[in-house]
Amino acid sequence: MTVFTSLDPRMDPQATTPVPVVQPVLAVRGACPHDCPDTCALVTTVENGVAVRVQGNAAHPQTAGVLCAKVARYTERTYHPDRVLQPLRRSGPKGSGQFEPVSWDAALADIAARLTSIAARDPQAIMPYSYAGTMGLVQAESMSARFFNRLGASLLDRTICSAAGGEGFAQTLGGKVGMKVEFFAESRLIIIWGSNSITSNLHFWRYAQQAKRDGAKLVCIDPRKSETAEKCHEHIALLPGTDAALAFALMHELIANDWLDHDYIARHTLGWEALRQRALDWPPERAADVCGVPVEQIRSLARDYGQCFSSGEPAAIRLNYGMQRVRGGGNAARAVACLPALIGAWRHRAGGVLLSASGMFPVDRQALQRPDLLAGRTPRTLNMSTIGNDLLADTSPAFGPKVEALIVYNSNPVAVAPESGKVVEGFARDDLFTVVLEHFQTDTADYADYILPATTQLEHWDVHYSYGHTDVLLNRPAVAPLGQALPNTGIFRRLARQMGFTDPCFADSDEALCRAAYGERVDFNTLLDKGFASLQIADAPFADGGFPTPSGKCEFFSARLKAQGLDGLPDHVPNHEPWGRSGAFPLAMISPPARNFMNSTFVNVKSLRDMEGEPVLELHADDAAARGIASGDVVTVFNLRGEYVVRAEVSPRARPGVVNGMGIWWRKLSLAGANVNQLTSQHLTDLGAGPVFYDCLVEVRRADTPGTSNAASSANTLRASVQLQPVA
Ligand SMILES: Nc1nc2c(c(=O)[nH]1)N[C@H]1C(S)=C(S)[C@@H](COP(=O)(O)OP(=O)(O)OC[C@H]3O[C@@H](n4cnc5c(=O)[nH]c(N)nc54)[C@H](O)[C@@H]3O)O[C@H]1N2
Ligand SMILES: Nc1nc2c(c(=O)[nH]1)N[C@H]1C(S)=C(S)[C@@H](COP(=O)(O)OP(=O)(O)OC[C@H]3O[C@@H](n4cnc5c(=O)[nH]c(N)nc54)[C@H](O)[C@@H]3O)O[C@H]1N2
Ligand SMILES: [Mo]
């Protein structure tokens, strides 16, 4: 294998190496940049300077040479004819999507001048907005963070995905820590909870399959009969937002039958007596009623879990973020995180729970982000999940200055953030100056004043952690940047220079940033040689306690939460919009990921969009019949926040009372210019201030139903007479 090591000077201002003489065939090791737990190791075949193929690295055990359909087509994304390959300046009205080419120098000079004049009044009026378009530490959180810290811009609370569950785990286990994923292969019982692994965590599913072949039982807990649920032995199709009730009923049964590891509980947990009392309030009958599932399913799962204790066999829970996108998501994750300690599942390397592994990576964020550049300033923090409200807020003592400039990178908020009506209204403000760093002219980029062309993973350096396994990966550039594209780092470097930021840290090269991400904690030579390096973590990290909580124990009771004035114990916290099958909006809507998209990424790759077909709403036969809806009908889904139009699919994947609005389509590639987030709310979760995408009541009508073709007006009529359930 010939490994490509040279740098394009655009990526590295210090580099003296010219662009390499092109060699005929290269195999370049890299890492998948996408927001997925699997963080695959890639091998890109390059012929005459062109990436012709992206494959999974067979030498990396977690990847095992296997890629998902999306990333196997990564070259279609990199060489897509619609790539933005030069800076663009708005030439039409805001949001019109009309742009004209402009030179880098002109674009950067104008952007720097605008930001400098806003910053002279108050730099907090400048808002950065980014998420995980790339998970790479260098392209996501190094030069950009340095730039905004030096500027004194508003800080961003990056809550949009995992804040509730992450905080729930932090308060219970001490962080995003848990089982090592490979040991699921040895589990005897695997509970897949709020996760469609086949879609979103394919490489975990391989381990689950191995366990299944060896006789393990697989149980899936998910309102939707997902691709994963139908391949498990049991599927518990609970109502969205009722997971804590289920977890408490399991505890109730473990207590009632004394399937408890008293020794583990006594030595390694905090708050058992109080938790026990609370669990005793949750007999399975009560939970069955709240969750909308047969009581026998709950008893049976409790029996299976308890029997693992009795027989000394490992029971494992693969929790994923699908169950925490509701008001009580933080408490629900906390309740589930308590379960393994009750039966001492942590004693086995194949027992315990895994939500995210990211807390186990020793990333040196100080070195990457340089918070010292704040120089004593403490800018306000804006929550990315309420960007709609934030862009529409005026200056006030509580809020601080009105947002005057917005710099978006690695994210497509107009498509992915909740309550798009408000988000679009905010982006459409004529007095907002918006810069979007992108590969494509997304829904968000349509509202930009400037679009700056960013490189894809095949064109830049990066180094990665993972939230689904415990290996560090290095990504080398396989090809030179296309057109005039620059890595995010390069763009912020140039912008910093243009603004007169002279701190030497703005000259660090991308390779230097890759090295700084882990410092001495990970051997960089191993990364250079192999492309990946495994963290040194005990096989059963909590077999003898040692949780990274203040007490070192699994904290059923959290003194830290109590100190914030919250309940110190987990609880079942009902949805903001609880399901009741009555009222104007009797259906609960969830909007889980589509298999062939990655959030809103890849929606514009035609081969993948063809696989998804059209935006689809799955609904149960009873709910469809009650509304005269048949498969293939175009329907309008609506609530008081808005409406969107989709193709109905009467489907056994939907449970009664719950509709599934699949995937995050680009608005402009949808049936009528809006996607599912037109209906989701900006309410927040109990812990972590995350979004509640799956806590959303709606109604559905055939789009051609007389008098309701304009569902917004029907919603307006309803607004006069009904209220959504009050928000407590
Ligand atoms: N192909 C593909 N892979 C992806 C993504 C993608 O868009 N496409 N997204 C990536 C991202 S950003 C993330 S965060 C990860 C994980 O992303 P997650 O959002 O965890 O996605 P899934 O694993 O698909 O699982 C979500 C599952 O939770 C279910 N669910 C919804 N509400 C509830 C509830 O209240 N309780 C329970 N128990 N289940 C519920 C949904 O029906 C769905 O099957 O996946 C990543 N992987
Ligand atoms: N209704 C509903 N909404 C949801 C969810 C849901 O389940 N239901 N899931 C939520 C979740 S879990 C998440 S994580 C968020 C995801 O929200 P986002 O993180 O915004 O994810 P994407 O939609 O994939 O958009 C990422 C964008 O970054 C761009 N990008 C990729 N790499 C780079 C790069 O190197 N440089 C630059 N400048 N740009 C790059 C891509 O082209 C893409 O347009 O969405 C959330 N929204
Ligand atoms: Mo996510």
Side-chain angles (χ1 to χ4, degrees), residues 196 220-230 235-242 288-297 575 577-592 594 612-663 665 670-672 674-676 678-680 693-718 721-722 724-725:
N196 182 4
C220 186
I221 302 173
D222 193 317
R224 175 171 185 257
K225 188 190 256 184
S226 65
E227 296 81 346
T228 308
E230 67 191 5
H235 172 212
I236 303 183
L238 78 188
L239 287 163
T242 62
D289 191 44
V290 169
C291 301
V293 300
V295 67
E296 186 42 41
Q297 275 198 319
N575 280 358
E577 298 180 5
W579 180 85
R581 297 227 83 171
S582 61
F585 304 107
L587 299 170
M589 180 179 71
I590 58 173
S591 43
E612 287 296 322
E614 281 179 315
V616 159
L617 184 84
E618 297 170 349
L619 73 177
H620 187 267
D622 294 351
D623 293 321
R627 292 163 180 79
I629 294 169
S631 274
D633 284 352
V634 175
V635 296
T636 303
V637 191
F638 63 99
N639 63 19
L640 297 183
R641 290 175 287 271
E643 65 176 69
Y644 87 120
V645 176
V646 277
R647 190 73 68 179
E649 190 173 308
V650 181
S651 168
R653 294 202 189 281
R655 59 153 287 156
V658 181
V659 294
N660 312 322
M662 301 305 296
W665 283 72
S670 300
L671 296 186
N675 71 14
V676 65
Q678 199 76 21
L679 280 75
T680 54
F693 293 113
Y694 304 166
D695 178 347
C696 178
L697 290 180
V698 304
E699 179 55 293
V700 185
R701 300 215 193 290
R702 273 179 36 191
D704 58 0
T705 307
T708 56
S709 57
N710 183 346
S713 70
S714 76
N716 279 335
T717 321
L718 285 165
S721 56
V722 292
L724 284 174
Q725 303 268 3

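What you see is a predicted model, and the numbers here were worked out from it, not measured in a lab. For this chain, numbers begin at 1 and follow the sequence in order.
- Pro578 and Asn575 get closest at one heavy-atom pair: CD-O, 3.4 Å.
- When all heavy atoms are compared, the tightest approach of Ala674 to Ser670 is O-CB, 3.4 Å.
- With rounding to the nearest 0.5 Å, the separation of CD1 in Ile629 from CG in Asp623 is 9.0 Å.
- Looking at residues two or more places apart in sequence or on another chain, you find a salt bridge (Lys or Arg N to Asp or Glu O under 4.0 Å) between Arg224 and Glu227, Glu618.
- The shortest non-hydrogen separation linking Pro652 to Lys225 is O-CB, 3.9 Å.
- Inter-residue side-chain proximity for Val646 and Val616 is flagged as unmet; no heavy-atom pair is nearer than 4.5 Å.
- The closest side-chain heavy-atom distance from Pro615 to Asn675 is not below 4.5 Å.
- Here OG1 of Thr636 is found 11.0 Å from CZ of Arg702. Values are rounded to the nearest 0.5 Å.
- Closest of all the heavy-atom pairs between Gly642 and Leu679 is O-CG, 3.8 Å.
- Side-chain atoms of Tyr644 and Val698, non-hydrogen and from C-beta on, never get closer than 4.5 Å to each other.
- A donor-acceptor contact shorter than 3.5 Å is absent between the side chain of His620 and the backbone of Gly657.
- For Ala594, the side-chain contact (heavy atoms from CB on, under 4.5 Å) partners are Phe597, Glu612, not counting sequence neighbours.
- Scanning all heavy atoms of the two residues, the minimum distance from Val676 to Ser591 falls at CG2-CB, 3.7 Å.
- Looking at Pro223 and Leu238, their side chains come closer than 4.5 Å, going by heavy atoms from C-beta outward.
- Rounded to the nearest 0.5 Å, atoms CG (Asp633) and CG (Leu617) are 11.5 Å apart.
- With contacts defined as side-chain heavy-atom distances shorter than 4.5 Å, the pair Met589/Val659 qualifies.
- For the atom pair Leu640 CG and Phe585 CZ, the distance stands at 4.0 Å (nearest 0.5 Å).
- Arg655 is listed as a side-chain neighbour of Leu239, based on a closest heavy-atom distance under 4.5 Å.
- Qualifying side-chain contact (heavy atoms from CB on, under 4.5 Å) partners for Pro586, counting only residues two or more places apart in sequence or in other chains: Arg627, Glu699.
- Atom OG1 of Thr680 sits about 10.5 Å away from atom CG of Asp695, to the nearest 0.5 Å.
- The line from CG of Asn639 to CG of Leu587 is 11.0 Å long, rounded to the nearest 0.5 Å.
- Contact check for Pro592 versus Tyr694: side-chain heavy atoms found under the 4.5 Å cut-off.
- A pairwise comparison of heavy atoms in Pro240 and Val658 identifies CD-CG2, 3.7 Å as the closest pair.
- Formation of a donor-acceptor pair under 3.5 Å by the Gln297 side chain with backbone atoms of Ala288 is not found in this model.
- Between Val634 and Asp704, the closest side-chain pair of non-hydrogen atoms is not below 4.5 Å.
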